Amino acid sequence: MLLGPSQPCVLRVSSDAPVVPKAAEPLACRHRPQPRQHKSCAQNPQTHQKSSKRSVRMATSTTDRQAPPAPVIEGTSKAEQLQEPASIAYTPEWQELLEHRKEIEKTHLRDLLRREERSDALFHEYNGIVADFSRQRVTQKTIELLGKLAKRANLQEKIAGMFSGEHLNVTEDRAVLHVALRARREQKIVVEGKDVVPEVWEVLDKIKDFSERVRSGEWKGATGKPLKDVVAIGIGGSFLGPLFVHTALRTDQSAAHEAGKRNLRFLANVDPVDVARALNGLSQETTLVVVVSKTFTTAETMLNARTVRTWLTSELGPDAVAKHMVAVSTNSKLVTEFGIDPNNAFGFWDWVGGRYSVCSAVGVLPLALQYGWPVVEKFLAGANNMDEHFRTSKFEDNIPLWLGLTSVWNVSFLGYAARAILPYCQALSKLAPHIQQVSMESNGKGVDLAGRRLPFESGEIDFGEPGTNGQHSFYQLIHQGRVIPCEFIGTVKSQQSVYLKGEVVSNHDELMCNFFAQADALANGKTPVELRAENVPDHLIPHKSFTGNRPSVSILMPDLSAFSVGQLLAMYEHRVAVQGMVWGINSFDQWGVELGKVLASKVRTSMNSARTVHRRIKPSDGFNYSTTRLLNTYLAGKTQLLYPEPEDVFPCDLIDSAVCRPPTSYV
Ligand code: F6P
């Protein structure tokens, strides 16, 4: 990514306030006098001399004479502070980018896009995937400075550390090795003296064997019928990634051919409406249930698993569990306690984060049951292909790396808090929901690796819809309201063809015309001068003007096959990791989801006890006035409903209302 000389400024545009770092704030645990609490607060190898290469390397960077002094962190000794590198925001490289922002403010994409050499330099290609960064608000200087920032953040060493099993997840003291899940059989990934690839393939081979037996009808249900329907129960990372891949493959012709008349459904939400939706029209006799939970403790998943187990056994008897329920988990003890035969459990490892687990049994088992092993193997090969690009490509040619660095530029220097993921491909309709978790659960953090409050906001707000649906929804805001960097994703070849004789273009061409046009509309905008030349009346000119200068990246793929879906998945996973590595945060833990879970548990206990003795929630239950009142309103409303309790109640079958068992009526 080497560009020609930066051009002079052509237009001054207004923009948001620069992202100037705040003074570092100490974490609460750092004020505590007990040294052990400091340790448990972050369990950070940087603060422990027993720690790995990474801490040594990072410590080295703090002693670099060019770095400004680290901010003083209350509650830590000077020695501790010296071991912990200052936030990246206190480095000269970050400050240079802040300064450089002023230059970029004077440019407009309309003018930047006129430079052929710049466009060439920002156009990247890898194994059929094109990523065009020319509509990012960057010049050659920006690229150089981002490269320097990446070096300061030890990005290449951190990437190498990820692939070699360093414990990058410092708060859980775990390696981050989702790349091992799609390693080729002959690859070696040695972690703490052990090659993990053979055990990965042991599970993959078991999945291949099991899925082939189910698909061929050799594996039969309790009444001797083949199992043609699969319900995968799981939530978060045990749901969103597999759903994304399933949605992407179901319209691919070869995958659809392999699926035949088989069904794959997901049950994630504990909402009985989702239970109804997932089980609607299914017969227990032909249904295989896959309970997917890394921990096997997630409240929603376990209640849904018990619900569906009862749905099965009420019809087929208790022994049916052995034939109709299997599990994917790292917790074999709880799987066995639940009643699932350990032989029917598919394991994975604590070095796979939930949101990075699509390529483990979490995604591979349901997908292999639906599409067969050869399709899944291609998907894994695609992900591995992108892993190899990320691991081995030169810095300047590395697509996930530049996706990550330009995101850091947009978020931390240009101040754009959100990002829109806009696939011009209906089959990618579940990409944005998956990336919402991968990106926001990974990078929405408040503190750095050392547990210090971040002096900037990390992460970004992800949302998206397939084009052109999004155009007829929220694009108004993107064009004339807030500036939201956009990611346009399109394919050269559509999974499906529609072409009408006599139409100027096919449906896919029509779709892709929008893919090309929207990126330029955002970048170029429309000026009052242009509007006047079109005889637009004066009073409408402000309304019809577009400021332009709105950044986007265009990703064009040859097609959407199992292989390219794997590439796309890995590309997003790595770009998120790059952002976190530069920001100096732990992209692989998720403490932020815990507090709500604990409070829900408290509500559950109080709700149960109040209802059991027919009492109201009282102040002594420990909730604030608002929650007390809301709970009492809810409970009062519930007493008005008639349930056929104490029998088991299943949702209304949406087709056969004769078996409908919802609350029958209000009293
Ligand atoms: O919501 C938090 C979370 O821990 C996610 O990170 C994870 O993907 C999800 O819950 C499901 O967890 P499990 O697979 O253990 O049921």
Side-chain angles (χ1 to χ4, degrees), residues 168-178 181 203 231-246 266-271 274-275 278 289-309 325-338 340 345-367 430-446 459 462 569 572-573 576-577 580 585-601 604:
L168 299 188
N169 181 353
V170 292
T171 61
E172 295 176 300
D173 196 17
R174 288 176 182 168
V176 177
L177 266 179
H178 45 278
L181 300 170
V203 177
V231 177
I233 304 176
I235 199 164
S238 295
F239 158 58
L240 290 162
L243 176 70
F244 152 59
V245 180
H246 173 50
F266 293 90
L267 170 54
N269 200 332
V270 74
D271 186 339
D274 208 20
V275 180
V289 176
V290 185
V291 184
V292 187
S293 176
K294 180 175 171 181
T295 54
F296 232 68
T297 59
T298 302
E300 297 91 334
T301 299
M302 297 325 297
L303 181 50
N304 275 338
R306 291 192 295 274
T307 304
V308 178
R309 181 178 62 188
M325 289 191 95
V326 298
V328 175
S329 185
T330 57
N331 195 334
S332 52
K333 182 171 172 282
L334 290 186
V335 169
T336 311
E337 282 173 21
F338 182 86
I340 291 176
F346 299 82
F348 61 113
W349 304 269
D350 70 357
W351 39 258
V352 183
R355 54 196 175 274
Y356 296 93
S357 65
V358 196
C359 296
S360 72
V362 166
V364 168
L365 177 61
L367 293 167
K430 296 296 176 189
L431 175 65
H434 175 50
I435 299 308
Q436 279 173 1
Q437 190 197 9
V438 174
S439 165
M440 294 203 264
E441 194 165 274
S442 295
N443 287 340
K445 300 290 160 67
D462 291 291
L569 173 90
Y572 269 93
E573 288 177 347
V576 166
I585 59 178
N586 184 353
S587 299
F588 306 104
D589 63 9
Q590 57 284 318
W591 299 108
V593 301
E594 293 304 322
L595 179 60
K597 287 186 194 172
V598 173
L599 290 184
S601 173
R604 187 188 305 126

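Just follow the structure's listing: the first ligand is 1, and inside any ligand the first atom is 1. This one's a predicted model, so the numbers in the text were calculated from it and none came from an experiment.
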Under the salt bridge (Lys or Arg N to Asp or Glu O under 4.0 Å) test, which residues partner Glu441, sequence neighbours left out? Arg355
For Thr301 and Val292: C-alpha separation, side-chain torsions, deciding distance, then whether side-chain contact (heavy atoms from CB on, under 4.5 Å) applies. CA-CA 8 Å; Thr301 299; Val292 187; over 6 Å; no
Closest heavy-atom pair, Leu569 versus Cys359, reported as atoms and distance to 0.1 Å, is CD2-SG, 3.8 Å
Excluding sequence neighbours, so at least two apart, what forms salt bridge (Lys or Arg N to Asp or Glu O under 4.0 Å) with Asp274? Arg277
Please give the N or O to N or O pairs under 3.5 Å between ligand 1 and the protein, distances rounded to 0.1 Å.
unit_1, atom_1, unit_2, atom_2, d
ligand 1, 6 (O), Glu441, OE2, 2.6
ligand 1, 8 (O), Gly237, N, 2.7
ligand 1, 8 (O), Gln437, NE2, 3.3
ligand 1, 12 (O), Thr298, OG1, 3.4
ligand 1, 14 (O), Ser238, OG, 2.7
ligand 1, 14 (O), Lys294, N, 2.8
ligand 1, 15 (O), Ser293, OG, 3.4
ligand 1, 15 (O), Lys294, N, 3.4
ligand 1, 15 (O), Thr295, N, 2.9
ligand 1, 15 (O), Thr295, OG1, 2.6
ligand 1, 15 (O), Thr298, OG1, 3.3
ligand 1, 16 (O), Ser293, OG, 2.6
ligand 1, 16 (O), Thr298, OG1, 2.5

So, does Asp350 use its side chain to make a donor-acceptor pair with the main chain of Arg174 at under 3.5 Å? no
Does Phe588 have any ring pair (Phe, Tyr, Trp, His ring centres under 6.0 Å) partners at least two apart in sequence or in another chain, and if so, which? Tyr356
